[in-house]
*Asks:* 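Just passing along the structure, written as structure tokens.
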Amino acid sequence: MGRGEFEDIFEDCLSALLQGHRSIEESLSLYPAWRGQLEPLLNAAAETAAGLDQTPHPYARERGLLRFLEAARGKRRLKEAFSHQAEALPWRRWAHAAIAAVVAIGALAFMSATLMAEDGQRLGNPVSVLPYTPTPESTQDPASALTPLETVQQEVAALELAVREGETVDVPFLEGLEKASSQLAADLDGPRQLDLIGRAAAVSVASRQHDLLQTLSEGSTGTRARAISASLAAADDVLEKLGAAPTPPQQ
Amino acid sequence: MSPSADAHGERAIVDAARAGDEAALAELYNLYFPRVYRYIIARMGNPYDAEDLTEEVFLRVLDAIERFQWREAPFSAWLFRIAHNAVISQRRKEGARGRSAPLSDALPMNSQGPDEMVENRLTLNEVMRTAETLPEAQRRVIGLRFAAGLTVAETAQAMGKGEGNVKVIQHKAIAKLREILVQRPKIHGKRRV
């Protein structure tokens, strides 16, 4: 009998033992030829199972259930709020699809023009292509076209990618994130107040920023630690203004 | 109830929970809380950490349950992948804080007398200390099979491995546990190994 077959027999006995279908002795009498090998392993398995047979405290279980259901209710309320908002403003449902379609058409048009120009050059058949004229450099900061919330969302997405890939997040980036978050926090008090969907998005992005920066803060020192701390404070400020301040760590 | 009836019942509960049904969510919680707790205690060793982390696992489950798809894995395998990720992330945090996971004196109250509790605690501590010497894959198999009560097939799906591979890993793990447990003198009671 091969090694794989012994492992199958052992698994049969182990499953029966763990599920309480057969005692060790009953399994050994089913496979008498393997008693010598099976017995010590099954005894060790029984002892391991007994050691790990722990029951959570009923209070912990109850407390966990209450929190779990409260979180489920919160999630449902948020979902309902989103759905009501979407019904009130139906264009929102199609806005993302429309933007994506415009971008896709633009990209296709650009690719077609490029390919036609290349073909024209290659075949010696001049295709009417507009001569290239360098666009005068815009004096407008491209970032200013984004709202503070969109800027924070972009930067947190970049931060998430960097953390996931294990890349170093430098101090200027962290300072930029702090600036954007502070701007978002200021905006929450200002005339351009966010609607319900915007507020939910702001809570979501600031919570993510908080978690990522906390992960990043572990083991950071000096200027980088200060920059992380400042950016974390800015995220917490956003959360506080939205009534979603993070719970302080338990002592 | 037969295993297939169990599976059918669980499928109905999971589908209702995915749709946000509160009673189904509570049912899932009650079904899996003790198993997730035991899995985490098997991986972390500390009951208080295990209680908090079990709660966190269920919050993660709540966030992700709408994305759960039956064709990928059974629900239990999916849930214990989340539990595994929570354990890894907790260990990383503790590693960064320079904190090891101590075995607590304050183990949870089971319905046992004081003598049984001491005996049980010693056994858990022994198992935990012994398990610490095993490679990660073997520790994970022990946690999934012995603490979480997963079958070989579910364990294989939770770990992304083949069933044959899981059987080999569990055999090696138990052989190693036996070797170490036999060498260690026991304080109370007679060793059965």
Side-chain angles (χ1 to χ4, degrees), chain A residues 3-12 14-15 17-20 24 37-77 79-80 211 214-220 249-250, chain B residues 17 20 22 25-26 29-30 33-34 37-38 41-42 47-48 50-52 54-55 58-59 61-63 92-93 95-97 107-111 120 122-128 130-131 142-143 145-147 149 151-152 163-164 166-168 170-171 174-175 177-179 181-182 191-193:
Chain A
R3 184 187 167 92
E5 284 169 281
F6 174 73
E7 267 141 16
D8 287 341
I9 289 172
F10 176 55
E11 166 50 26
D12 176 47
L14 181 63
S15 295
L17 176 70
L18 294 176
Q19 289 163 19
I24 293 178
Q37 278 177 267
L38 284 173
E39 192 170 12
L41 290 175
L42 291 174
N43 280 332
E47 185 144 351
T48 304
L52 294 175
D53 187 17
Q54 299 292 324
T55 311
H57 194 290
Y59 169 73
R61 187 177 169 146
E62 195 61 27
R63 181 194 62 189
L65 178 60
L66 292 176
R67 286 189 185 163
F68 178 64
L69 292 179
E70 190 46 50
R73 281 178 210 128
K75 194 178 170 188
R76 198 180 58 225
R77 280 197 292 269
K79 230 172 143 180
E80 281 167 3
D211 290 348
Q214 270 205 329
T215 308
L216 216 56
S217 68
E218 290 161 356
S220 293
Q250 288 182 342
Chain B
E22 204 170 286
L25 284 166
Y29 177 94
N30 286 326
F33 189 89
Y37 172 81
R38 279 198 293 272
I41 218 173
Y48 291 127
E51 284 173 0
D52 290 344
T54 305
E55 266 188 37
F58 279 94
L59 295 178
V61 166
L62 189 64
D63 273 344
R92 203 175 291 137
K93 281 184 202 162
R97 285 201 296 261
L107 279 165
M109 299 280 286
N110 284 331
S111 52
N120 194 17
L122 286 169
T123 312
L124 172 64
N125 284 352
E126 280 182 331
V127 171
M128 290 307 302
T130 311
I142 293 293
R145 293 237 53 211
F146 287 76
T151 62
V152 163
E163 288 183 35
V166 168
K167 286 180 190 170
V168 172
Q170 80 179 2
H171 178 191
I174 295 167
L177 280 172
R178 185 202 164 251
E179 205 175 284
L181 287 168
V182 160
R191 177 160 299 292
R192 285 170 291 172
V193 178

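Letters go in sequence order (proteins before strands), and every chain restarts at 1.
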*Asks:* Side chain from CB out, backbone as N, CA, C, O: work out which of these in A/F68 comes under 4.5 Å of a heavy atom of chain B, or both, or neither.
*Replies:*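 Contact with chain B: backbone and side chain both.
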*Asks:* So what's closer than 4.5 Å to chain B heavy atoms on A/L14: side chain, backbone, both or neither?
*Replies:*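 Just its side chain gets close to chain B.
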*Asks:* With a 4.5 angstrom heavy-atom cut-off, could you sort out which part of A/R76 is near chain B: side chain, backbone, both or neither?
*Replies:*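 Only the side chain of A/R76 comes within 4.5 Å of chain B.
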*Asks:* Return the minimal non-hydrogen interatomic distance between A/A46 and A/I24, and the atom names on each side.
*Replies:*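 Residues A/A46 and A/I24, closest heavy atoms: CB-CD1, 4.1 Å.
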*Asks:* I'd like to know which of A/L69, A/L65, A/L18 tops the heavy-atom pair count under 4.5 Å against chain B.
*Replies:*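 Max contact count across the listed options: A/L65.
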*Asks:* Would you call A/R73 and A/E70 a salt bridge, taking side-chain N to carboxylate O under 4.0 Å as the test?
*Replies:*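 Looking at A/R73 and A/E70, the cut-off is met.
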*Asks:* Indicate yes or no: does A/R63 engage B/D52 in a salt bridge with an N to O separation below 4.0 Å.
*Replies:*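 Salt bridge present between A/R63 and B/D52.
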*Asks:* What are the two closest non-hydrogen atoms of B/G143 and B/A42, and how far apart are they?
*Replies:*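 That closest heavy-atom pairing would be CA-CB, 4.2 Å.
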*Asks:* Between B/A147, B/A26, B/A50, which has the largest tally of heavy atom pairs under 4.5 Å with chain A?
*Replies:*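 It is B/A26.
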*Asks:* Specify whether A/F10 and A/F6 have parallel, tilted or perpendicular ring planes, treating 30° as the upper limit for parallel and 60° as the lower limit for perpendicular.
*Replies:*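 Plane angle under 30°, so parallel.
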*Asks:* Looking at B/R38, B/E55, B/E163, which one has more heavy-atom pairs under 4.5 Å with chain A than the rest?
*Replies:*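 The residue among B/R38, B/E55, B/E163 with the greatest pair count is B/E55.
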